[in-house]
Amino acid sequence: MLELRLVQGSLLKKVLEAIRELVTDANFDCSATGFSLQAMDSSHVALVALLLRSEGFEHYRCDRNLSMGMNLNNVSKMLRCAGNNDIITVKADDGSDTVTFMFESPNQDKIADFEMKLMDIDSEHLGIPDAEYQAIVRMPSSEFARICKDLSSIGDTVIISVTKEGVKFSTAGDIGTANIVCRQNKTVDKPEEATIIEMQEPVSLTFALRYMNSFTKATPLSETVTISLSSDLPVVVEYKIAEMGYIRFYLAPKIEE
Amino acid sequence: DSIQQGISTFFEEL
């Protein structure tokens, strides 16, 4: 028996919107720790890891570990039927081939339940080792989204370089080139508007902008984004989900031929 | 030109 009640149901709606462009089908894993997902995109270039900790739910019952295969477009269709202020409850019985999403309006005058068929998904689970990163950049998520969008109108790849001067995002295409430098800026009115760079040593890596733009679909989940970079490692683009967990996107770098 | 690496180059399957 599984029963997860999330008062801030809009979080779940935002999570689905954040990942459904990147991943088509995925297993949602439920355990005592929380509600999690790990999935690769169809090209096996990027990986998304989601964790919503059990403590973040108003009610969390998970009698035994359960893995539920879902088509994310179908989940999204169901969750789009929930109001932004609705309380969402996810329910499943052991051994059942369906999951139920229950939506309650804030004043309890409307209750809806949507039952969705589960699917068998044979997915690889990758071990992600802890790594020390050469540079970690924290910046406003909206700023990062804007940079990725702007650069993708010029080129297909972005070179992210971190030096003591700041973080530079560069691209080149048929019509020309673009460079955007963000300097460390801690003296802002609100902490979420700061750009903070922790650099052990300079690093420069190249990534496909298509994936970066897809990661920025998670922007509504968090005001800040953390970008962790090391030579010869996938970049980690992390959006924290307030007091509940995170979405982390891993993207393999491009290398020179 | 650059080559796109795969994610499983970096992370092992469990």
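Below, chain A is the first sequence line, B the second, and so on; all start at residue 1. Hydrogens, waters and symmetry mates are skipped; everything else that's a heavy atom, side chains included, is used.
- Using a 4.5 Å heavy-atom threshold, the side chains of B:F11 and A:Y250 count as touching.
- For the pair B:L14 and A:L126, the tightest heavy-atom approach, listed with the atom from each and the gap, is CG-C, 3.9 Å.
- Here the closest non-hydrogen pair linking B:S2 and A:K254 is OG-CE, 3.6 Å.
- With hydrogens and angles disregarded, no donor-acceptor distance shorter than 3.5 Å links the side chain of B:Q5 to the backbone of A:P234.
- Heavy-atom contacts from other residues, nucleotides or ligands closer than 6.0 Å to CD of B:E13 number more than 12.
- Within a 6.0 Å sphere centred on CG of A:D94, heavy atoms belonging to other residues, nucleotides or ligands number more than 12.
- More than 12 heavy atoms of other shown residues, nucleotides or ligands fall within 6.0 angstrom of atom NZ in A:K14.
- Other residues, nucleotides and ligands contribute at most 12 non-hydrogen atoms within 6.0 Å of the CG atom of A:D156.
- Using a 4.5 Å cut-off between heavy atoms, B:E12 touches chain A through its backbone atoms (N, CA, C, O) alone.
- By a heavy-atom distance cut of under 4.5 Å, A:M40, A:H44, A:V45 are the residues of residues 18-45 of chain A near chain B, going up by number.
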